[in-house]
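Read the structure below first, then the notes.
Every chain is numbered from 1 and lettered A, B, ... according to where its sequence line falls, protein lines coming before strand lines.
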There are 2 protein chains.
Amino acid sequence: MAVTIRDVARRAGVSPSTVSRALSGKGRMRPETRERIRKIARELGFRPNAHARGLATKVTQCVGVVIDARHVPLEGSFYGPVLEAIEATLDAEGYHVVFSVLRKHRIPKSVVEGRVDGVLLLGTDIGEDIVMPLKERVPVVLVDNHLPQVDAVVGDNVGGARLAVEHLISHGHRRIAFIAETLADLSFRERLAGYLQTMEERGMPLDEGLIAEGERGPWSVEKAMRKLLAQSPLPTAIFAANDHMAIGAMRFLEEKGHRVPEEVAVVGFDDGDLAPHVVPPLTTVRVSRGEMGKVAAKRLLELMRGEGAGAQLIVLSCELVRRRSCGCPN
Amino acid sequence: MAVTIRDVARRAGVSPSTVSRALSGKGRMRPETRERIRKIARELGFRPNAHARGLATKVTQCVGVVIDARHVPLEGSFYGPVLEAIEATLDAEGYHVVFSVLRKHRIPKSVVEGRVDGVLLLGTDIGEDIVMPLKERVPVVLVDNHLPQVDAVVGDNVGGARLAVEHLISHGHRRIAFIAETLADLSFRERLAGYLQTMEERGMPLDEGLIAEGERGPWSVEKAMRKLLAQSPLPTAIFAANDHMAIGAMRFLEEKGHRVPEEVAVVGFDDGDLAPHVVPPLTTVRVSRGEMGKVAAKRLLELMRGEGAGAQLIVLSCELVRRRSCGCPN
DNA sequence: CTGTTAGCGCATTCAA
DNA sequence: TTGAATGCGCTAACAG
């Protein structure tokens with residue numbers, strides 16, 4: 001059996017509650033006794049039992065990090081670095097991370113069992129049906145997604161898309177297409193909006209035929225690209241809603257004998273692990289995933305401390321990473 | 001306040017202890033009362049409080065998954081899919097995953113605070129200094145690493161290396177080099193052993209100059225490759241201890257004007273996310289990371305149930321994934 | 001400033 | 001088969 005607060009108390013000749021106070025730092029007491037007790041606790045190797053403490057205080061010192069199942073099968077998942085940053089930030093404040101995957105849209109066990117003081121929800125496609133019930137029990141911060149009245153941190157999808165499209169325009173392109181796996185995802189719709197705005201502002205030809213949606217699953221790129229290649233004249237550039245689509249598009253173009261970027265330039269979004277390694281290296285929009293995790297964790301910390309009234313939406317700005325697929329040299 | 005066992009008891013007209021029995025399934029009781037109580041509990045939306053239960057039973061229903069810090073900064077980390085498989089396996093058994101990163105070789109807080117019933121340690125480089133203290137408190141399973149007297153699941157590094165080298169030999173190569181970031185890692189030493197064995201058995205020229213170790217950090221590939229390129233004649237093939245080294249080697253060779261695989265064939269190890277996407281696509285040795293996580297989780301489950309006396313080492317066999325960097329067509 | 005008392009919610013004796 | 005009593009280890013009122 002591990003050493004308890006009573007052992008320490010006995011050894012120090014005081015009561016358990018005094019030990020509790022000495023260790024927690026709450027309430028006033030003679031500094032010298034406090035120090036003496038702390039020293040004894042250290043010597044005895046005392047470790048507060050998390051369950052006992054949780055039972056008494058109703059705080060767990062744990063936060064749930066739940067990832068939408070839709071994002072996990074993808075290797076090189078976008079969220080790995082986010083998770084790492086979250087863990088680092090939370091660990092520094094003495095919190096633990098309870099990691100889980102959101103399956104079948106059932107609200108996470110960790111929350112219903114009262115195992116966590118707050119929740120970070122990662123995924124672009126988590127709806128109110130799941131967020132609202134959670135939010136009634138613990139503070140919630142959405143990552144890479146947002147909903148009215150809920151705290152969230154997201155990348156600047158609209159701004160990032162503008163960067164991409166502006167860049168393509170600066171290369172002299174006018175017929176610029178947009179492709180996405182789906183427009184069901186909020187992020188992708190926002191990127192489309194950025195595309196649309198920029199095209200319109202810059203007086204580019206806006207054409208239904210230049211906007212193609214794929215579908216979930218392996219044939220997504222195929223479907224979207226077939227539509228684009230049916231256009232004439234062909235678009236001279238493609239802005240894809242994420243790297244995955246962009247890379248798929250490059251492969252497809254190559255197969256059909258179109259050269260990238262000479263005939264068709266391509267820009268992606270995410271700056272995932274693959275981007276620098278594909279051929280040609282992919283120009284893409286980056287939002288720092290580590291920053292995203294860190295900021296989200298910090299916001300949740302505030303919420304759990306009862307600070308920060310009123311939901312806030314934190315938008316992280318994006319940058320364009322120029323590589324070769326857009327037509328930039330070297 | 002959430003509904004407790006007492007609420008259910010009151011509603012059912014029985015005592016709290018009866019409810020506890022009904023819900024836990026332990027101890028005999030009239031099946032109809034059991035059902036009646038369970039039904040009421042369901043209606044009331046009763047959720048056992050994890051802390052109370054943990055305090056009473058000393059089981060947490062949590063397992064710690066800790067990843068060596070050395071592996072986390074790498075994007076596209078090898079362990080993402082392992083983590084996912086672990087979570088899925090454990091979740092199915094009602095366990096929660098407490099995720100953390102092993103920093104500065106300090107034994108994880110989650111364990112010292114008694115928050116977990118068992119621990120999965122991921123990382124090739126975790127030593128006895130950290131494993132042994134942990135093992136005294138809870139069952140431990142090592143993943144991708146092994147130590148005497150400790151349960152572990154690993155890929156068959158030796159066998160995998162043999163596969164790679166045999167394949168290169170079958171392409172007609174004789175001067176086959178081996179490179180690794182470091183030989184401090186057990187996995188890499190095992191891969192070297194597999195290389196050595198195969199070369200010797202097949203009567204290939206074994207040459208100190210064909211074995212190059214890099215160093216931790218960005219210059220690793222550079223250092224190892226310089227050594228190889230100083231040889232004459234040059235090796236005609238390179239077996240790299242992991243994909244990272246293999247890809248680096250390909251870039252280096254390309255820069256120096258050597259064509260892969262025509263002049264120098266390259267085979268990696270891991271089959272990470274990048275392998276199919278680099279140019280030429282990398283031939284590499286795969287050990288299923290999902291399987292690794294699943295098997296490790298299952299073993300830990302056994303251990304936590306008190307089954308499985310005596311440490312066991314579970315070796316997962318590898319397969320060679322043939323792509324183009326080895327000289328295979330298409 | 002410190003000790004006493006009384007739970008937190010559940011599981012588990014032991015009686016009935 | 002069921003209920004009452006007790007304790008898991010800690011915190012928090014309230015006295016002293």
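Residue A:R6 places no side-chain N or O under 4.0 Å from the OP1 or OP2 atom of D:dC10. Distances shown here put every side-chain N or O of A:T57 at or beyond 4.0 Å from the OP1 or OP2 atom of D:dT11. Phosphate contact (OP1/OP2 of D:dT11, side-chain N/O of A:K58, threshold under 4.0 Å): absent. Residue B:R30 places no side-chain N or O under 4.0 Å from the OP1 or OP2 atom of D:dT1. For A:T18, a side-chain nitrogen or oxygen approaches OP1 or OP2 of C:dG3 to under 4.0 Å. The side chain of A:S15 contributes an N or O atom lying less than 4.0 Å from OP1 or OP2 of C:dG3.
In this structure, A:E35 atom CD and C:dC1 atom P are separated by 15 Å, rounded to whole Å. Here the P atom of nucleotide D:dT11 and the CG atom of A:N49 are 10 Å apart, to the nearest Å. Between the CD1 atom of A:I37 and the P atom of C:dG3 there is a distance of 8 Å, rounded to whole Å. Atom C1' of nucleotide C:dC10 and atom CG of B:D7 are separated by 13 Å, given to the nearest angstrom. For A:R53 and C:dG7, the CZ to C1' distance is 17 Å, given to the nearest whole Å. Across the protein-nucleic acid pair, B:L55 atom CG and D:dC10 atom P stand 9 Å apart, rounded to whole Å. Between the CD1 atom of B:I5 and the C1' atom of D:dC8 there is a distance of 15 Å, given to the nearest Å. Look at CZ on B:R10: it is 16 Å from C1' on D:dG3, rounded to the nearest Å.
Contact of the B:V131 side chain with the B:I126 side chain is registered, since non-hydrogen atoms from C-beta on lie closer than 4.5 Å. By the 4.5 Å heavy-atom criterion applied to side chains, B:L316 and B:M292 are counted as neighbours.
B:V14 comes within 4.0 angstrom of the backbone, heavy atoms only, and of no base. Counting non-hydrogen atoms under 4.0 angstrom, A:T33 reaches the backbone sugars and phosphates but no base. A:P48 comes within 4.0 angstrom of sugar-phosphate atoms only, judged by non-hydrogen atoms across all strands, and of no base.
Scanning atom types as modelled, one donor and one acceptor separated by under 3.5 angstrom connect the side chain of B:S17 and the base of D:dA4. No hydrogens or angles were tested; on distance alone, nothing pairs the side chain of B:R47 with the base of C:dG9 as donor and acceptor under 3.5 Å.
Along DNA chain D, the nucleotide nearest B:R34 and the nucleotide nearest A:S20 are compared for position; the residue whose nucleotide lies closer to the 5' end is B:R34.
Atom OG1 of residue A:T182 and atom CZ of residue A:R189 lie 8.5 Å apart, to the nearest 0.5 angstrom.
Closest approach of A:V150 and A:L142 over heavy atoms only: CG1-CD2, 3.8 Å.
Under the side chain to side chain contact (heavy atoms under 4.5 Å, CB included) test applied with B:F99, the options A:L83, A:V98, A:I86 reduce to a single match, A:L83.
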